[in-house]
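Throughout, residue positions are numbered sequentially from 1 according to the sequence presented. One-based numbering, in listed order, for ligands and for the atoms of each.
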Amino acid sequence: MGTATTASHDVGHRPRRPFDVQRVREDFPILKEEIHGKPLVYLDNAATTQKPRQVIEAEQQFYLHDNSNIHRGVHELSERATQAYEDGREKVRRFLNARESREIIFVRGTTEAINLVAQTFGRERVGAGDEIVISAMEHHSNIVPWQILCQEKGARLRVAPINDRGELIWEEFLKLLGARTRLVAVTHVSNVLGTVNPVKAIVEAAHRLDIPVLLDGAQAAPHQPVDVQALDCDFYAFSGHKIYGPTGVGVLYGKANLLEAMPPYQGGGDMISSVTFEKTTYNTLPYKFEAGTPNVAGVVGLGAAIDYVCEIGLEWIAAYEQELLQDAIRKLEKVPGLTMIGAAREKAAVISFVLEGLHPHDVGTVLDQEGVAVRTGHHCAQPLMDRFQVPATTRASFALYNTHQEVDALVAGLHKVREVLG
Ligand code: C6P
């Protein structure tokens with residue numbers, strides 16, 4: 001069973017120089033903030049990442065010099081803005097190694113990307129008695145859109161179970177695939193457990209039965225190389241704000257033949273070819289799915305974020321984050337009363353844990369007083385909390401600018417939590 005991706009496809013993913021975390025940190029002005037008089041230790045990267053100067057400046061430059069609506073005017077600014085937007089699309093295409101730039105649809109984020117597929121592809125292809133297969137570790141964004149669709153169509157949501165390590169149970173997953181399965185929709189990397197799913201093997205298994213596969217890449221694309229052609233997935237979704245880019249912009253990749261056959265998502269400007277009161281014909285890809293004025297500055301920022309991670313090299317980023325993860329696991333194991341949730345053999349740098357006798361919200365509040373930002377709660381994965389029989393967890397999630405000293409600060413913070421809360 002293969003795992004994840006090993007892309008050697010493109011200049012975009014080739015490391016250019018040894019990874020230097022101090023140099024990287026210089027690019028992120030916010031990391032110099034003090035929180036309650038302590039240096040910020042930002043370990044909430046799965047929720048959103050901080051932005052490098054390069055991204056902030058790219059957006060600023062756009063607004064200072066090039067701002068206009070796109071695809072509409074013949075004037076110079078409109079041409080510049082259109083060019084900047086389409087350059088962003090080409091950067092994403094290269095980043096994912098998609099075959100064609102028309103396979104890249106800009107959306108608001110992963111959530112919208114999945115809803116788009118549910119409401120277009122899903123609406124057309126799913127009928128009464130059909131099935132959609134997801135996994136027990138999905139984010140609500142990859143559960144609820146399918147539930148809505150299933151309710152509408154009289155279809156059934158099937159959930160592949162996971163083991164106590166937080167890994168997909170392969171045989172059980174295979175058993176769910178059948179003649180009624182219309183789509184497999186699974187996360188590439190779990191936002192709670194860090195589990196890296198064997199997505200290539202999932203796609204292969206589904207494709208043997210002609211079942212298309214959507215991958216939720218929200219937690220994968222920022223942290224490891226992704227090659228959609230090598231994976232052969234049919235849809236891939238990710239969010240700009242988790243990859244050091246702006247909020248409000250994200251990507252849906254879809255294979256051209258599938259996108260071509262899908263009806264539009266929203267109606268409005270730019271997605272049409274011609275409109276009369278009697279009949280509307282739709283624009284070609286990718287515009288058919290981009291109704292209304294898009295987040296042009298956001299796409300410019302996302303392009304700058306992609307340039308940024310590609311300049312460093314996704315392989316370097318992945319390797320460095322693995323170092324941090326192993327260091328954190330080793331140290332957290334020694335914290336009395338701490339239980340980590342999820343011990344997948346393929347794991348990204350996300351650690352969820354509970355401290356015996358303490359509510360995660362209290363843990364998070366004391367950590368905040370120490371300058372340590374973590375997320376607490378159900379992480380938009382309530383069924384996964386149920387699976388592990390916990391109401392909530394504390395989650396530390398790492399990014400390329402985190403350091404071993406910050407791992408120590410987290411551990412010191414947890415000792416403080418014990419001191420304060422008993
Ligand atoms: N997870 C977290 O703290 P949006 O909100 O559309 O950018 O991404 C949604 C989403 C979808 N799938 C996965 C695996 C995710 O982790 C997320 C966002 C954040 O874990 C916010 S809930």
Side-chain angles (χ1 to χ4, degrees), residues 4 42-51 92 105-119 134-147 159-160 162 166 168 184-197 199 202 213-224 226 233 235-253 265 295 298-299 301-302 305 321 341-342 344 346-353 360-361 364 373-385 387-388 392-399:
Y42 187 77
L43 300 177
D44 195 15
N45 294 289
T48 199
T49 50
Q50 300 302 344
K51 318 305 171 199
V92 174
I105 313 291
F106 286 119
V107 288
R108 279 189 297 137
T110 306
T111 304
E112 190 175 40
I114 297 172
N115 277 278
L116 188 160
V117 177
Q119 288 304 314
I134 61 170
S135 85
M137 69 179 90
E138 300 308 317
H139 185 279
H140 295 164
S141 292
N142 200 28
I143 302 174
V144 185
W146 307 117
Q147 274 178 336
V159 183
I162 58 176
L168 196 66
V184 170
V186 289
T187 195
H188 191 164
V189 172
S190 159
N191 66 317
V192 176
L193 310 168
T195 305
V196 182
N197 273 318
V199 283
I202 289 172
V213 178
L214 174 145
L215 298 177
D216 171 350
Q219 301 293 346
H223 304 288
Q224 62 174 84
V226 173
C233 57
F235 300 104
Y236 197 93
F238 72 95
S239 299
H241 70 99
K242 294 190 201 286
I243 184 168
Y244 315 103
T247 51
V249 66
V251 170
L252 171 68
Y253 157 81
Y265 176 45
N295 185 352
V299 167
L302 174 58
E321 289 178 2
I341 311 284
E346 294 280 341
K347 184 172 159 76
V350 176
I351 304 179
S352 275
F353 60 86
H361 288 303
V374 292
R375 183 167 173 191
T376 62
H378 54 61
H379 314 293
C380 301
Q382 282 183 348
L384 186 57
M385 298 292 114
R387 164 63 182 80
F388 283 96
T393 73
T394 303
R395 182 187 70 184
S397 51
F398 297 87

Ligand 1 atoms in contact with [X] (distance to a heavy atom under 4.0 Å):
X	answer
Ala46	2 (C), 3 (O), 19 (C), 20 (O)
Gln219	1 (N), 14 (C), 15 (C), 16 (O), 20 (O)
Ala218	11 (C), 12 (N), 13 (C), 15 (C)
Cys380	22 (S)
Thr111	4 (P), 5 (O), 6 (O), 8 (O), 9 (C)
Asn191	2 (C), 16 (O), 20 (O)
Ser141	9 (C), 11 (C)
Ser239	4 (P), 6 (O), 7 (O), 8 (O)

Is the closest side-chain heavy-atom distance between [X] and [Y] below 4.5 Å?
X	Y	answer
Gln224	Val189	yes
Tyr236	His188	yes
Leu214	Val186	no
Val350	Val192	no
Leu168	Ile202	yes

Discussion item. Quick check on the 6.0 Å ring-centre criterion: do His378 and His140 meet it?
Written reply: yes
Discussion item. Tell me the nearest of Arg375, His379, Met137 to atom 21 (C) of ligand 1, using heavy-atom distances.
Written reply: Arg375
Worksheet item: With distance as the sole test, does Asp216 use its side chain to make a donor-acceptor pair with the main-chain N or O of Ala218 at under 3.5 Å?
Response: yes
Worksheet item: Would you say the side-chain atoms of Ser239 pair up with the backbone N or O of Gly109, donor to acceptor, closer than 3.5 Å?
Response: no
Can you find a non-hydrogen atom of [X] under 4.0 Å from ligand 1?
X	result
His241	yes
Asn142	no
Lys242	yes

Practice prompt. For His139, enumerate each residue passing the ring-ring contact (aromatic ring centres under 6.0 Å, His included) test, keeping only those at least two apart in sequence or located in another chain.
Written response: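 With neighbours one apart ignored, the set is empty.
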Worksheet entry | Closest protein heavy atom (residue, atom, distance) for atom 15 (C) of ligand 1 |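 Going by distance alone, atom 15 (C) of ligand 1 is nearest to His139 CD2, 3.3 Å.
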Discussion item. Which residue and atom name correspond to the protein heavy atom nearest atom 14 (C) of ligand 1, and how close is it?
Written reply: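 The answer is Asp216 OD2, 3.5 Å.
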For [X], is at least one N or O under 3.5 Å away from an N or O on ligand 1?
X	value
Glu112	no
Arg395	yes
Thr187	no

Item to complete: Please identify each residue that fulfils side-chain contact (heavy atoms from CB on, under 4.5 Å) with Val92, with sequence neighbours left out.
Response: Leu96, Ile104, Phe106, Phe238, Val251, Leu302, Ile306
Worksheet item: Do Thr393 and Ser352 have side-chain atoms, one donor and one acceptor, less than 3.5 Å apart?
Response: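 Yes, side-chain donor-acceptor contact under 3.5 Å.
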